[in-house]
Number of protein chains: 2
Amino acid sequence: MVNDPFKALSHPIRRGIVEQLAAGPAPVGEATAGFGVSKPAISKHLKVLEETGVVTRVVEGRTHWVSLEPEVLGEAADWMERQRALWGRLFDVVDEYLKEEGPK
Amino acid sequence: MVNDPFKALSHPIRRGIVEQLAAGPAPVGEATAGFGVSKPAISKHLKVLEETGVVTRVVEGRTHWVSLEPEVLGEAADWMERQRALWGRLFDVVDEYLKEEGPK
DNA sequence: CGGATCATTAACCATATGGTTAACAATACC
DNA sequence: GGTATTGTTAACCATATGGTTAATGATCCG
């Protein structure tokens, strides 16, 4: 995977930023308010989100506008759904197993 | 999040193990074959998967049976789908924005 | 120009992560 | 008992991660 959205989402602060951005593009300060860490810490999380392709940034004057990249996050969502589909089969396997065992 | 499935899924080998286990419970050696790393490395990945609640282990003789825990992975899948739903709205927001701008 | 504002970079630190080889543990088999 | 099989633990190493404070960049505004 070139973009690795799962790496991006592996920290709660970064998931929080993604949640904030779901409402639409926002300046850094707005998208990252309320996480209780310093600005440099935020800057680093944002950098990870950018490097993994989850967000993009447009600088406009002194404010940096940050936007979600749904396609990249979609890769993660798709993987999860593919897995979920397979778990369904897994339940069937377990069911069959229980059937073979017969009723108690 | 007490269980953090996203942390578990943040490494490609661990995602690979999850994929293998989607077919059903398997012994460690079977669930983790073909990743090109040493057994201790595998052991550690498995430990992470266990600690985050993504898999459970049952020891039977000298083979350790590993199983997926769909509920825990479901937390991650649900989060992704909630986000995906919000991205939908995001597209609408962008559409509205483009409408306001008017046709070129 | 000078100060306030928005945000990053630099330098540093502690701990986590991901890998290795070597040794160990426990069970299975002859 | 001796050896093969399955898997973990111990010790070690390099790099990544996540945080800090202090300094810097860049823009806006009076």
Side-chain angles (χ1 to χ4, degrees), chain A residues 1-21 23-69 72 76, chain B residues 1-21 23-69 72 76:
Chain A
M1 230 180 256
V2 168
N3 294 320
D4 190 349
F6 284 106
K7 185 189 166 190
L9 297 175
S10 69
H11 193 286
I13 289 186
R14 290 196 290 269
R15 288 197 294 274
I17 294 174
V18 167
E19 288 172 353
Q20 294 295 320
L21 288 175
V28 167
E30 202 170 311
T32 66
F35 292 115
V37 293
S38 64
K39 287 202 282 186
I42 289 292
S43 250
K44 289 184 190 178
H45 283 304
L46 228 37
K47 195 181 177 193
V48 172
L49 287 167
E50 257 188 301
E51 287 172 347
T52 53
V54 168
V55 308
T56 51
R57 179 195 310 242
V58 172
V59 179
E60 194 181 296
R62 63 184 163 179
T63 86
H64 295 210
W65 289 86
V66 184
S67 308
L68 227 50
E69 289 300 321
V72 176
Chain B
M1 229 177 258
V2 168
N3 292 321
D4 191 350
F6 284 105
K7 185 189 164 192
L9 298 175
S10 68
H11 192 286
I13 288 185
R14 289 196 292 268
R15 288 198 293 276
I17 294 173
V18 167
E19 288 171 354
Q20 293 295 320
L21 288 174
V28 167
E30 203 170 312
T32 67
F35 292 115
V37 292
S38 65
K39 287 201 284 186
I42 288 291
S43 248
K44 288 184 190 178
H45 284 304
L46 228 38
K47 195 183 178 192
V48 171
L49 287 167
E50 256 188 302
E51 287 172 347
T52 54
V54 169
V55 308
T56 52
R57 178 196 312 242
V58 171
V59 178
E60 195 181 296
R62 63 185 163 179
T63 86
H64 295 210
W65 290 85
V66 184
S67 308
L68 227 49
E69 288 302 320
V72 176

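Remember, predicted model here, so these are calculated numbers, not experimental data. Here is the naming used below: chain letters follow the sequence lines, and residue numbers restart at 1 for every chain.
Among the nucleotides dT8(D), dT17(D), dA7(C), the one closest to the side chain of Lys7(A) is dT17(D). When each of dT8(D), dG19(D), dA10(C) is scored by its nearest atom to the side-chain atoms of Val37(A), the top-ranked nucleotide is dG19(D). Comparing atom distances between the Ser43(A) side chain and each of dT8(C), dT8(D), dG19(D) picks out dT8(C) as nearest.
Contact annotation for Pro40(B): base contact, defined as any heavy-atom pair under 4.0 Å involving a base atom.
Close to dG19(C), at under 4.0 Å from its OP1 or OP2, lies a side-chain N or O of His45(B). Within the 4.0 Å cut-off from OP1 or OP2 of dT20(D), at least one side-chain nitrogen or oxygen of Ser38(A) is found. Contact check, Arg14(A) against dG18(D): a side-chain N or O comes under 4.0 Å of OP1 or OP2.
Ala8(A) and Thr52(A) make their closest contact through CB-OG1, 3.2 Å (heavy atoms, listed as atom of the first residue, atom of the second, distance).
Take the nearest nucleotide of DNA chain D for Trp65(B) and for Gly61(A): the residue whose nucleotide is more 5' is Trp65(B).
In this entry the distance linking CZ of Arg62(A) with C1' of dG25(D) reads 13 Å, nearest Å. Rounded to a whole Å, the NZ atom of Lys47(B) is 12 Å from the C1' atom of dA16(C). Atom pair Lys39(A):NZ and dA26(D):P shows a separation of 16 Å (rounding to whole Å applied). Rounded to a whole Å, the CG atom of Leu46(A) is 16 Å from the P atom of dT17(D). Distance, His11(B) NE2 to dT17(D) P: 11 Å, rounded to whole Å. The nearest whole Å value for the distance from the CD1 atom in Ile42(B) to the P atom in dG19(C) is 8 Å. Between the CD atom of Glu30(B) and the P atom of dG7(D) there is a distance of 9 Å, rounded to whole Å. The separation between Lys44(B) atom NZ and dT20(C) atom P is 9 Å, rounded to whole Å.
Across Val55(B), Thr56(B), Leu68(B), Val66(B), a single residue satisfies side-chain contact (heavy atoms from CB on, under 4.5 Å) together with Leu49(B), and that is Val55(B).
You'll find the side chain of Arg15(A) reaches within 4.5 Å of the side chain of Asp4(B), heavy atoms only. Looking at Leu46(A) and Arg57(A), their side chains come closer than 4.5 Å, going by heavy atoms from C-beta outward.
Applying the ring pair (Phe, Tyr, Trp, His ring centres under 6.0 Å) criterion to His64(B), with sequence neighbours excluded, gives no partner residue.
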